[in-house]
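Here is the structure we will look at.
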There are 2 protein chains.
Amino acid sequence: MRDELGRLRRFNRLLTQRIGLLDERYLGSPLPFAQARLLYEVAVLAPLATHHLRRLLAVDAAALSRGLVALQARRFVRREVDPSNARNRIVEVTAKGRQVLATLDRRADERVGAMTAGLAAGDRRRLLDALDQARRLLVGAVVRIERRAAHHPDAQAAQAAYLGEIARRFGRPLDHWNQGPIAAAVSLVVADGRRPMGCGALREIAPGVGEIKRMWLHPDARGLGLGARLLAALEAAARGLGHDEIRLDTNDRLREAIALYEGAGYRPMKRYNDNPDATRFYAKQLRPAREIKRIVLGRRCDRRENPSPTPTGS
Amino acid sequence: MRDELGRLRRFNRLLTQRIGLLDERYLGSPLPFAQARLLYEVAVLAPLATHHLRRLLAVDAAALSRGLVALQARRFVRREVDPSNARNRIVEVTAKGRQVLATLDRRADERVGAMTAGLAAGDRRRLLDALDQARRLLVGAVVRIERRAAHHPDAQAAQAAYLGEIARRFGRPLDHWNQGPIAAAVSLVVADGRRPMGCGALREIAPGVGEIKRMWLHPDARGLGLGARLLAALEAAARGLGHDEIRLDTNDRLREAIALYEGAGYRPMKRYNDNPDATRFYAKQLRPAREIKRIVLGRRCDRRENPSPTPTGS
DNA sequence: GCCGATCGTTGACAGTGTCAACGATTGGAG
DNA sequence: CTCCAATCGTTGACACTGTCAACGATCGGC
């Protein structure tokens, strides 16, 4: 046990103090380190309101404000007042910002490439496999899927990131049909103890029929099996509500999502709603579980507890 | 290839931005982060002269000076003027300093332990194995064993760290017999591109007979096979000088070193010198290599090239 | 219409990393 | 022996980072 901790911490020290793998500070960057990091994080999530960014990046409001001001001064980001709420500002990355980001990206690749250039192909593969294995296990050890009130800031931030990613990938925001809050019976948040990294909601659209909405994972958290865990947690929650069927709609362009749903046993069905952004519809029959598995780990621990019960139905 | 870089950098981001594994900053420490880190590094190497510390830690002279002043103000380290050279200061860690360090160590262990508490025993073992594998491969990819002039600052710093570790482990400095510079025919430095992490020297003690002196690895770099690589590099250098035998002396207390030598084929022999600190003596016959393997990787690249040839013999 | 909560900004300050300049000391050339 | 260049540690200056507190502007609910 004592030795196990030592091995972990030796790895830690190796990476922080010996090998510069993690230290992406000195890339001859046109930007100070914190700004470059912020630009990357914002670009992955934008367009998004500032206070949601604050949640998703787990940074201080003051630091974020100053960082965004600095990035805006260089015309790497744009901030516009949210038309629906003048207190909020929507942050977007400009074309110039994305261009600079591509440069930084290339430099980081070169640096990491040079670092592993000394390895034979087989060793390189072994290294990457070991790192992936470690990544998967570390995430498994740290990440929790927790139930949160639908209006909890973490849940709202992750859902906003979902809408932001759709807007970026579709080149336009979702139809009005899909905007605004949804009346979720269950709202789950994937979190690593520091910041939310995913979300998913379940609402009842007919007696005994649940619908999965706004399932999202931070791009950096994809490919680690978290999507399947989140989906299973939502299904478990549906069983807990007595549902025997779950439906969902999605879009052809969201290939990762489609693969996830089909892999989890969802079958295509005919259009069941008027969602103008949806092109595919799926359903899965839930076998009544003899024993509801507690896949949802951790206790409900909203930071701002809502005294009234979570609203259900639409 | 592009994807390989992505996997490496995703791991990087996971550890830096998502999982706090590497971020040992907020341990409720009685010390600011940089000072805690400095105290750890100094404790591993002390007693040692400041300018050698500067090399081994790869920190700016100004930062080191300020850090040591701060640690001294808290009575965690002691700095004394080097009696042999009034410009230099010898840094030592006080008992109070080691005590604080033990506290920090315990907190870090608790933190890492809490992080992996969610893993089953099998997964925990798999995680540690994957991290060890990654550590070994990363070190193999990055570390170089380079020939350096005996008076090169990196070589001198590593040798000084060797003497400092002996002094710490023996509870007294080495006998005068072993102090001072040695007339090395070959001086090798283990380096990761940022800072020296080991050294070894070879000198000729009789025609055709080499002796290995001052072989040392930074404690954080042990257990990764670097000792064997360094030893092989020294033997290759001896072959290059036409030696057919290598000898070395060591002390019963240096168990890791003894295991390394015996594992590499060194056989005990009778005392061959008057070294008062030595209790064990080893020799290995070198088969004349038909083809001298270039185990010493990298070209000779002293930062301060010595125009005169490296002195040989004693 | 008022009040408390939320949002973003700004000031202040400690900590950090880096460059330049400075005295003190050393070792060697002349 | 003297002088000079190099080395060593310290200090000043400055930019960058992270955090806390205070502030106006805005919003939502009673």
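Every chain is numbered from 1 and lettered A, B, ... according to where its sequence line falls, protein lines coming before strand lines.
When each of dT26(C), dT17(D), dG8(C) is scored by its nearest atom to the side-chain atoms of Pro32(A), the top-ranked nucleotide is dT17(D). Here the nucleotide nearest the side chain of Ala34(B), chosen from dC20(D), dT18(C), dT16(C), is dT16(C). In this structure, of dC19(C), dC7(C), dC20(D), it is dC20(D) that holds the atom nearest to the side chain of Asp60(A). Residue Thr50(B) places its side chain closer to dG9(D) than to any other of dT17(D), dT26(D), dG9(D).
In this structure, Leu68(A) atom CG and dT9(C) atom P are separated by 7 Å, rounded to whole Å. One atom, CG of Leu64(B), and another, P of dT10(D), lie 8 Å apart when rounded to the nearest Å. As rounded to whole Å, 16 Å separates atom P of dG15(C) from atom CG of Leu39(B). Protein atom CD1 of Ile90(A) is 12 Å distant from nucleotide atom P of dC7(C), rounded to whole Å. Protein atom CG of Asn85(B) is 17 Å distant from nucleotide atom P of dA6(D), rounded to whole Å. Following rounding to the nearest Å, Leu57(B) (CG) and dT16(C) (P) show an atom-to-atom distance of 15 Å. The interatomic distance linking Arg37(B) (CZ) with dT16(C) (P) rounds to 11 Å, in whole Å.
A salt bridge between Arg195(B) and Glu41(B) is present, with a side-chain N of the basic residue lying under 4.0 Å from a carboxylate O of the acidic one.
For Trp216(A) and Gln159(A), the side-chain atoms include no donor-acceptor pair closer than 3.5 Å.
Side-chain N/O atoms of Arg66(B) and base N/O atoms of dG12(D) include a donor-acceptor pair closer than 3.5 Å. Side-chain atoms of Arg89(A) and base atoms of dT26(D) include no donor and acceptor less than 3.5 Å apart.
The phosphate of dG8(C) (OP1 or OP2) has no side-chain N or O of Ser65(A) nearer than 4.0 angstrom. Remark: Arg79(B) is in phosphate contact with dT10(D), judged by side-chain N or O atoms under 4.0 Å from OP1 or OP2. Contact annotation: Arg54(A) side-chain N/O to dG8(C) OP1/OP2 distance is under 4.0 Å.
Ala63(A) comes within 4.0 angstrom of a nucleotide base, judged by non-hydrogen atoms across all strands.
A salt bridge (Lys or Arg N to Asp or Glu O under 4.0 Å) with Asp154(B) is found for one member of Arg194(B), Arg147(B), Arg54(B), Arg148(B) and no other, namely Arg148(B).
Positionally, the nearest nucleotide of DNA chain D for Val59(A) lies more toward the 5' end than for the other of Val59(A) and Ala86(A). Each of Asn88(A) and Ser84(B) was assigned the nucleotide of DNA chain C with the nearest heavy atom; the assignment lying further toward the 5' end belongs to Asn88(A).
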Only pairs under 3.5 Å count here: list side-chain donor-acceptor contacts from residues 80-87 of chain B, not counting sequence neighbours, and write none if there are none.
residue  : atom : partner  : partner atom : Å
Glu80(B) : OE2  : Arg78(B) : NE           : 3.4
Asp82(B) : OD1  : Ser84(B) : N            : 2.8
Asp82(B) : OD1  : Ser84(B) : OG           : 2.9
Asp82(B) : OD2  : Ser84(B) : OG           : 3.4
Asn85(B) : OD1  : Arg87(B) : N            : 3.0

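At least one side-chain heavy atom of His218(A) sits less than 4.5 Å from a side-chain heavy atom of Leu45(A).
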